[in-house]
Amino acid sequence: MKILRNKIFRIVVFLICIGVIIYECIGLYRDNKEYNVADTEYEELLEEVVTEAPSSTLPEGANYPPMQIRYSELESINPDFVAWLYFPYFDISYPVVHENEIDQYLRTTFDGTPNKAGCLFTDVLSTEDFTGYHDIIFGHNMRNGSMFGKLKKLNQTEDQENIKQNPYIYIYTEKAVYQYQIFAFYVTTVGSDAYKVVSNDEEYEAFLEYIYSHSAFEKPASLDLSNHPCLLTLSTCSGRAGGSRRFVIHAAKVNAWANN
């Protein structure tokens with residue numbers, strides 16, 4: 001009888017394990033299918049509204065990647081559109097929206113489609129024109145490397161060295177193009193001072209001290225932050241989905257050009 005009970009127990013455990021595996025596979029399939037839909041949306045959007053422009057179209061003295069962006073078309077698709085982000089090192093190129101309520105775009109794509117891939121978005125406390133002391137852009141850490149999925153590569157020694165050769169992030173708005181230089185990145189947690197609201201010079205200095213004490217990257221000696229240039233933070237998840245760990249990159253505005 002005992003042998004029979006043990007056999008039945010093993011069979012039940014086996015069936016439960018099989019059930020869990022099937023459930024996880026179905027979930028993974030659904031997620032990948034949903035992510036592919038989002039990838040297609042953003043790829044088509046990139047092809048339709050962004051084109052590479054000749055360097056001759058740049059304003060005198062400007063050296064940002066020349067891109068022609070159809071701002072009015074993007075605004076017609078989503079009135080919350082505020083900028084286009086281009087991060088050459090990782091070839092990250094996406095529209096950015098400004099959320100009107102917390103987590104509005106966490107599971108909604110640029111065109112308003114419900115999707116776990118979401119959209120790159122600035123939080124409600126950031127400025128819409130990227131002129132504040134500290135603005136933040138959030139994006140998902142996608143397994144396929146889309147959105148902010150490539151940022152985690154900066155945890156690798158090779159990328160930490162290579163990023164020094166091209167440490168720039170570009171924000172294209174209808175009125176101006178901004179160049180930011182990366183000076184810090186590290187793993188943190190939800191609600192940490194990495195997301196600090198900065199509203200004056202004193203808070204700015206305190207924020208820098210916090211960044212320096214946590215950063216896994218040494219600030220370039222040539223980068224002067226004494227005049228308090230606008231700071232930009234890119235934030236994404238780190239580790240298991242649903243966890244509290246986050247990976248952040250801090251960058252300082254080093255150039256601004258009028259967008260004619």
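Note that this is a predicted model, so its numbers are computed, not measured.
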Report yes if the side chains of [X] and [Y] come closer than 4.5 Å at any heavy-atom pair, otherwise no.
{"X": "Glu203", "Y": "Tyr133", "value": "no"}
{"X": "Phe81", "Y": "Tyr71", "value": "yes"}
{"X": "Ile92", "Y": "Leu151", "value": "yes"}
{"X": "Glu99", "Y": "Asp123", "value": "yes"}
{"X": "Asp129", "Y": "Lys175", "value": "no"}
{"X": "Val96", "Y": "Thr122", "value": "yes"}
{"X": "Tyr172", "Y": "Tyr64", "value": "yes"}
{"X": "Asn141", "Y": "Phe247", "value": "no"}

Applying side-chain contact (heavy atoms from CB on, under 4.5 Å), name anything that partners [X], two or more places apart in sequence or on another chain.
{"X": "Thr188", "answer": "Tyr186, Ser192, Ala194, Tyr195, Tyr210, Arg246, Val248"}
{"X": "Glu44", "answer": "Thr40, Glu48"}
{"X": "Arg107", "answer": "Lys116"}
{"X": "Gln160", "answer": "Phe185"}

Close aromatic pair by centroid cut-off 6.0 Å: Tyr42 and Phe110 =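 For Tyr42 and Phe110, the ring centres are not under 6.0 Å apart.
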
Please report the C-alpha distance between Tyr105 and Asn78 in whole Å, then the side-chain angles of each, then the deciding distance to 0.1 Å, and finally whether the side-chain hydrogen bond (donor to acceptor under 3.5 Å, both in side chains) criterion is met.
-> CA-CA 12 Å; Tyr105 285 98; Asn78 190 331; 3.2 Å; yes

List the steps and the verdict of side chain to side chain contact (heavy atoms under 4.5 Å, CB included) for Thr108 and Gln104.
-> CA-CA 7 Å; Thr108 303; Gln104 177 184 356; over 6 Å; no

Check: [Y] main-chain N/O paired with [X] side-chain donor or acceptor under 3.5 Å:
{"X": "Asn259", "Y": "Val177", "result": "no"}
{"X": "His250", "Y": "Leu231", "result": "no"}
{"X": "Thr236", "Y": "Gly139", "result": "yes"}
{"X": "Glu41", "Y": "Asp111", "result": "yes"}
{"X": "Tyr204", "Y": "Val198", "result": "no"}
{"X": "Lys150", "Y": "Phe90", "result": "yes"}

If I compare all heavy atoms of [X] with all of [Y], which pair ends up nearest, and what's the gap?
{"X": "Asn155", "Y": "Val187", "result": "OD1-CG2, 4.2 Å"}
{"X": "Ile136", "Y": "Ser126", "result": "N-OG, 3.0 Å"}
{"X": "Ser226", "Y": "Asp224", "result": "OG-OD1, 2.7 Å"}
{"X": "Val82", "Y": "His98", "result": "CG1-CB, 3.7 Å"}
{"X": "Gly118", "Y": "His140", "result": "N-CD2, 4.0 Å"}
{"X": "Ser146", "Y": "Tyr94", "result": "CB-OH, 3.4 Å"}

Is [Y] reachable from [X] through a run of I, L, V, M, F, W or Y residues, each pair having side-chain heavy atoms under 4.5 Å apart?
{"X": "Phe207", "Y": "Leu125", "value": "no"}
{"X": "Val190", "Y": "Ile137", "value": "no"}
{"X": "Ile163", "Y": "Leu223", "value": "yes"}
{"X": "Leu46", "Y": "Met142", "value": "yes"}

Between [atom1] of [X] and [atom2] of [Y], what distance do you get to the nearest 0.5 Å?
{"X": "Met67", "Y": "Thr57", "atom1": "CE", "atom2": "OG1", "result": "11.5 Å"}
{"X": "Tyr86", "Y": "Ser93", "atom1": "OH", "atom2": "OG", "result": "6.5 Å"}
{"X": "Ile211", "Y": "Leu225", "atom1": "CD1", "atom2": "CG", "result": "8.5 Å"}
{"X": "Asp80", "Y": "Leu74", "atom1": "CG", "atom2": "CG", "result": "12.5 Å"}
{"X": "Ile171", "Y": "Asp135", "atom1": "CD1", "atom2": "CG", "result": "9.0 Å"}

State which residue, out of Leu232, Thr131, Ile169, fulfils the side chain to side chain contact (heavy atoms under 4.5 Å, CB included) condition with Tyr178.
->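 The single option meeting the side chain to side chain contact (heavy atoms under 4.5 Å, CB included) with Tyr178 is Thr131.
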
Name every donor-acceptor pair, under 3.5 Å, that has one atom in a side chain of residues 251-258 and the other anywhere in the protein, sequence neighbours excluded.
residue, atom, partner, partner atom, Å
Lys253, NZ, Phe130, O, 2.6
Asn255, ND2, Gln179, OE1, 2.6

Taking only residues two or more places apart in sequence or in another chain, which ones pass salt bridge (Lys or Arg N to Asp or Glu O under 4.0 Å) with Lys153?
->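 If we apply the salt bridge (Lys or Arg N to Asp or Glu O under 4.0 Å) test to Lys153, skipping adjacent residues, there are no hits.
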
Do Phe121 and Val97 pass the side chain to side chain contact (heavy atoms under 4.5 Å, CB included) test, and can you show the C-alpha distance, the side-chain angles, and the key distance before you say yes or no?
-> CA-CA 5 Å; Phe121 64 92; Val97 296; 3.7 Å; yes

Assess whether side chain to side chain contact (heavy atoms under 4.5 Å, CB included) is satisfied between Leu120 and Met147, documenting all intermediate values.
-> CA-CA 7 Å; Leu120 299 191; Met147 307 305 286; 3.8 Å; yes

Is the number of heavy atoms from other residues, nucleotides or ligands within 6.0 Å of CD (Glu52) greater than 12?
->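 No, because the 6.0 Å sphere around CD of Glu52 holds 12 heavy atoms or fewer from other groups.
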
Whether Phe87 and Tyr89 hold their rings parallel, tilted or perpendicular, with breakpoints at 30° and 60° |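 Ring orientation, 0 to 90° scale: tilted.
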
What is the ring orientation for Tyr170 with Tyr168, classed by angle as parallel under 30°, tilted 30 to 60°, or perpendicular over 60°?
->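 Taking Tyr168 first and then Tyr170, their aromatic rings sit tilted (interplane angle of 30° to 60°).
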
Could you check Leu154 against Phe217 for side chain to side chain contact (heavy atoms under 4.5 Å, CB included), going step by step and ending with a plain yes or no?
-> CA-CA 9 Å; Leu154 288 178; Phe217 184 71; over 6 Å; no

